[in-house]
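Take a look at the structure set out below.
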Protein chains: 2
Amino acid sequence: MDAKIAKRVMPIGSLSDRTGVKVETIRYYEQVGLLPQPERSEGNQRRYGRVHVERLAFIKHARDLGFPVDGIRTLLRLSDNPGMACDEAHAISVAHLDEVRHKIARLRSLEKELERIAATCSGGVAACDCAIIEALADHSQCRHERH
Amino acid sequence: MDAKIAKRVMPIGSLSDRTGVKVETIRYYEQVGLLPQPERSEGNQRRYGRVHVERLAFIKHARDLGFPVDGIRTLLRLSDNPGMACDEAHAISVAHLDEVRHKIARLRSLEKELERIAATCSGGVAACDCAIIEALADHSQCRHERH
DNA sequence: ATACGACCTCTAGCCACTTCAGGTTCAAGA
DNA sequence: TCTTGAACCTGAAGTGGCTAGAGGTCGTAT
């Protein structure tokens with residue numbers, strides 16, 4: 001019974017395997033204060049438990065969703081003090097969603113212009129002069145919004 | 001007359017105004033070899049001409065399109081030696097287009113998941129407990145009925 | 001006892017800038 | 001002509017979010 005309840009203590013490599021976060025990245029998260037400092041073995045090696053696995057999974061999920069580290073810090077703080085959390089967490093998520101949508105819109109218009117430019121020149125040496133380079137040199141041909 | 005021709009020589013701030021590239025960024029481009037070193041005034045200030053305006057416009061356009069600096073360096077080299085240029089320029093553009101499309105696809109799926117997460121909680125303090133934080137903490141899909 | 005991989009710290013590197021500190025030059029107004 | 005003060009200069013350091021390397025220590029299987 002002690003065996004099961006006792007903390008499943010593991011070194012950093014196992015935490016890495018469990019969460020899919022690289023060892024170096026885990027140490028980096030500790031350094032920047034996203035992960036609490038774990039206990040150490042006699043030989044000074046990090047020993048992690050269930051709490052760390054959960055927190056790191058949270059961080060990874062949020063990073064996969066593109067949240068910046070600073071936003072994650074806030075979300076973690078909120079998750080530590082439930083109750084007040086919802087409004088702020090919602091605001092962070094909505095702001096991030098907004099950003100993602102802007103990025104998508106921007107990339108779509110880039111895609112269009114790149115298609116146009118690349119289509120002008122199909123790659124044959126004789127075919128162009130070169131249209132791509134001219135397109136890049138000359139703004140007037142381009143319909144892209146960000147000038 | 002001479003006055004007009006002479007006016008084509010300008011300091012860095014004017015080049016910045018004309019191209020929309022920040023002064024510091026212009027100096028950075030010079031430092032990393034994208035822009036040639038300009039003449040200097042007696043007091044050691046940079047003096048730019050038409051050539052620089054054109055080259056910087058090329059660089060800016062390519063950067064706006066998301067080309068990495070290294071790709072731009074190649075494109076600039078190609079534009080200096082026309083003739084051989086087309087195949088390589090085309091390859092660079094197509095590769096970049098490919099990358100842009102991948103980014104779009106990835107962001108779209110992020111958008112969907114963020115929408116799902118943010119929709120679970122509309123922001124009222126009483127409404128959730130908090131679904132966003134749970135969704136982020138969750139390894140599988142969080143059902144927020146249970147606390 | 002030894003081998004060997006996993007672990008440790010510290011430092012530097014990546015991209016594409018941006019910011020800062022502390023000084024110099026230029027051009028317009030008095 | 002002199003005096004402002006905005007624009008310019010250099011060099012170094014900071015940004016985000018890691019990643020990589022050097023050079024050493026620890027833990028465990030045989």
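Values below: all heavy atoms of this structure, side chains included; hydrogens, waters and symmetry mates excluded. The chains referred to below are lettered A, B, ... by the order of the sequence lines, with proteins before strands, and numbering in each begins at 1. Note that the coordinates shown come from a computational prediction; the quantities given were computed from them, not determined experimentally.
Under the 3.5 Å distance criterion, the side-chain polar atoms of S16(A) are left unmatched by any main-chain donor or acceptor of I12(A). Between the side chain of H61(B) and the main chain of F58(B), no donor-acceptor pair closer than 3.5 Å is present. The backbone N or O of M10(A) lies less than 3.5 Å from no partner atom in the side chain of S14(A), so there is not a single donor-acceptor pair. Using a distance-only test at 3.5 Å, with no hydrogens or angles considered, a donor-acceptor pair links the side chain of H96(B) to the main chain of L65(B).
In this structure, L35(B) atom CG and dC17(C) atom P are separated by 12 Å, rounded to whole Å. Atom CE of M10(A) is separated from atom P of dC7(C) by 12 Å (rounded to the nearest Å). Counting to the nearest Å, the P atom of dA16(C) and the CG atom of D64(B) are 14 Å from each other. Between the P atom of dC7(C) and the CD atom of E42(A) lies a distance of 18 Å, rounded to the nearest Å.
Ionic pairing of R101(A) and D98(A) is not present here: no N-O contact between side-chain nitrogen and carboxylate oxygen is shorter than 4.0 angstrom.
Here the CZ atom belonging to F67(B) is positioned 13.5 Å from the CD1 atom belonging to I59(B), to the nearest 0.5 angstrom.
When the side-chain nitrogen and oxygen atoms of S41(B) are compared with OP1 and OP2 of dC26(C), one or more of them lie within a distance under 4.0 Å.
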Would you mind writing out the side-chain donor-acceptor pairs for residues 27-40 of chain B within the sub-3.5 Å range, not counting sequence neighbours?
from   : atom 1 : to     : atom 2 : distance (Å)
E30(B) : OE1    : R46(B) : NE     : 2.8
R40(B) : NH1    : N44(B) : O      : 2.9

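For residues 95-103 of chain B, proximity to DNA chain D is found at no residue, defined as any non-hydrogen atom under 4.0 angstrom from a strand atom.
Cluster annotation: V94(B) and I92(B) are assigned to distinct hydrophobic clusters (Ile/Leu/Val/Met/Phe/Trp/Tyr, side-chain heavy-atom contacts under 4.5 Å, transitive).
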Go along nucleotides 4-25 of chain D 5' to 3' and tag each nucleotide: B for a protein heavy atom under 4.0 Å from its base, S when only backbone or sugar atoms are that close, - otherwise.
----SSB------BBS------
